[in-house]
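Step one of this worksheet: look at the structure below.
These numbers come from the heavy atoms of this one structure, side chains and all, not from hydrogens, waters or symmetry mates. Remember, predicted model here, so these are calculated numbers, not experimental data.
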Amino acid sequence: MSRDHAQSAERPAPAAGAPDRAHPAAGPVPGGAPGPASGSAETPFLELLARGASAEAYEQPVLLARAEGLPAGRIAALQQAKALALRVRAELEGRRRREAELSALFETAHDLAGLRDLDAVLRAIVQRARSLLGTDVAYLSLNDPVRGDTYMRVTEGSVAARFQQLRLGMGEGLGGLVAQTARPYVTDDYFRDDRFQHTHSIDTGVRDEGLVAILGVPLMLGHHVIGVLFAADRRARVFEREQIALLGSFAALAAAAIDTANLLAETRTALAGLERANEIIKDRSAVIERASDVHDRLAELVLRGGGVHDVAVAVSQVLDGTVEFTEAAAAPGRALESSRAEGHAVRHRDDWIAAVAAGDELLGALVLRGHPGLDPVDQRTLERAAMVTSLLLLARRSAAEAEQRVRGELLDDLLDARDRDPRLLRERAARLHADLDATHTVLAARLEGPADADEEADARRRLWAAASHLAATRQGLAVARDGGTVLLLPLAPGDTATELARRTARHLGTAVREPVTVGASASVEHLTVRPDAVAAAYAEARRCLDALRLLGRAGDGSAAEDFGFLGLLLAGERDITGFVTRTIGQVVAYDGRRGTELLRTLDAYFACGMSPARTKDELHVHVNTVAQRLERVGRLLGDDWQSPARALEIQLALRLHRLSGGTPTPVRH
């Protein structure tokens, strides 16, 4: 890992993909489990997974198969099963680790909500950080604004007295650099790292403790550093980004604990100095009780998996007002940016705005309505609620992203026709609340957005997110493919593929703020029995999408059934506009200049079997009027315009002109 400063938070790694199809495997192994000689190749490894065996134990079935002289195919199957089992084991270990990390964070948040002893909370934070990161030592230092340096406050695992009494000047050592720059720093070998200002006292303390690898993250209150949280090892070690982010989370909780403790201390001091103002004392006590109450409620909400609405309701009850969560676009822009920059709730007219943010990403705002006079403790309560809201939103997003990946994997399998087991397909779909036995339509959606590569990539991500959300709410599936997005949506009774395509184009275009063109297939049924039907329907939807784009109807939605036989003619790249202009362009231009109805007359003439008498009835005009209009058409298009070949071209051009949004209105019988 680079010695450059690390960012304090990183995105979580994507979930591991679904394992490859299992191969036949093998027979019994010692201890009563099936080995490589008979049965499935996965069986011995499943039993190893079930009893939580070490990674080395997964070699035994393969070694036993080789010792028994089994065929190379059997051994290869066991090797593949072993690799899959080790991937599953690694995934399970990762999930257990993440569960432990979240549990520790929730426990720490609960400690903070019921804060009574600051030293006990800080010790718990340092102990949990050391345990989860697996380091030899963890410690926390606080800044001394009077002396202008930073000093040790809590240590865990330390054995050297000199190290426990260290004081670091701003910019001295790794910790001094973190405190000075407000950014995390990490080194895998402290004494060989020349980025830090080495001093005799600091190096002596570190050497007495025997530390080599050190990670330090700042404790922030708004834009101010109040201390540093460290994790260190007595051997060379590379700290992963996830570990840096985890330590940063503990640092945020430690800073909140210190801030809350300082606020409580200030409140108690104020109460002690205001004994003569009994009403003020009572009011302050009530405010503190409300703060404690909301902390307990928020911690309980986090632990039981509550939602953003639950947080707003809880804070509304405590603050005796109306608290709402709003999207960033709906909140007052200047007040929201001010709250985000300062890290505090800000007043906007009679309301209070607290930004809900995660790192540099603005997720929304908590708005306290009609409460201009807000106590500082209540203001902190609103800010804590905003922080808890951001945690809940991030957790919900992670769950949604995982579900989106699973939905995409199932649709990928249907499009590639890899999984033909109807029972398994139904089970996978049922877990996603999708019914593959219902009638569906396949839709191909593509952005008609910016040419800039970075902007296009961002727009595609937004299209994928919007399509996935739409699929989840409609009990459908979605996946990114071929530079666009594919959706498999159920078709409601009475609904048509065309209407669904147009609604989807409008919905996605509004969500991504760019034109989105959507082509839809005809309805498809029995997907579990005929999974290849999805791939065929997707090809049809793609052809419809290409036709819409060729016709200049970007941002629109349509189904293949709308084009009839024209869908076949529109395959590939063709100059549709040029064909229409060459064939009936003079008539179109004449109508445009004179305000006449030659195009409408032509359309009616062909629809009435080229009969002037029937045409005049259709148009409700005199037959002489029809004759005059057709004579004008002949002068514009040439004397042979009614020959079979020319008539066919003119009718096709009229149809294409109408489909691309031109006139005339088609004649109906």
Side-chain angles (χ1 to χ4, degrees), residues 400-417 419 425 428-449 459-492 495-528 530-549 553-562:
E401 289 175 350
E403 181 179 340
Q404 290 172 5
R405 285 193 295 270
V406 175
R407 289 181 181 273
E409 290 168 1
L410 177 54
L411 184 51
D412 260 333
D413 286 347
L414 289 170
L415 287 169
D416 297 335
D419 194 341
L425 285 173
R428 292 173 63 186
R431 287 194 292 270
L432 299 171
H433 306 291
D435 181 11
L436 295 185
D437 292 322
T439 301
H440 285 74
T441 295
V442 176
L443 302 104
R446 185 180 290 273
L447 274 168
E448 307 295 337
R460 284 184 179 179
R461 283 192 293 270
R462 288 187 279 114
L463 173 62
W464 156 236
S468 299
H469 177 72
L470 177 62
T473 56
R474 287 289 308 275
Q475 288 77 50
L477 305 173
V479 68
R481 179 174 281 227
D482 301 326
T485 300
V486 186
L487 297 97
L488 179 67
L489 297 180
L491 198 60
D495 202 0
T496 66
T498 299
E499 293 170 348
L500 180 58
R502 289 173 179 167
R503 289 199 305 271
T504 303
R506 290 194 298 269
H507 177 90
L508 296 180
T510 302
V512 302
R513 298 185 297 279
E514 297 284 353
V516 177
T517 309
V518 177
S521 71
S523 60
V524 288
E525 300 177 342
H526 311 299
L527 301 184
T528 55
R530 295 176 49 248
D532 54 337
V534 178
Y538 174 51
E540 181 180 321
R542 283 285 303 276
R543 289 194 297 271
C544 179
L545 174 65
D546 293 339
L548 286 171
R549 301 178 77 189
R553 291 171 58 183
D556 198 359
S558 188
E561 60 192 22
D562 298 336

side-chain contact (heavy atoms from CB on, under 4.5 Å), paired with S558, selected from L548, V518, L545: L548

[X] [atom1] to [Y] [atom2] distance, which is reported to the nearest 0.5 Å:
X: H440; Y: L489; atom1: NE2; atom2: CG; result: 7.5 Å
X: L487; Y: Y538; atom1: CG; atom2: OH; result: 10.5 Å
X: R542; Y: S521; atom1: CZ; atom2: OG; result: 13.5 Å
X: R549; Y: T517; atom1: CZ; atom2: OG1; result: 6.5 Å
X: L447; Y: R462; atom1: CG; atom2: CZ; result: 7.5 Å

Mark yes or no for whether [X], through its side chain, and [Y], through its backbone, hold a donor-acceptor pair below 3.5 Å.
X: R460; Y: A480; value: no
X: R446; Y: G484; value: no
X: E540; Y: A522; value: yes

Please tell me if the side chains of [X] and [Y] come closer than 4.5 Å, counting only heavy atoms from C-beta onward.
X: V524; Y: V534; result: no
X: D495; Y: R503; result: yes
X: L477; Y: V479; result: no

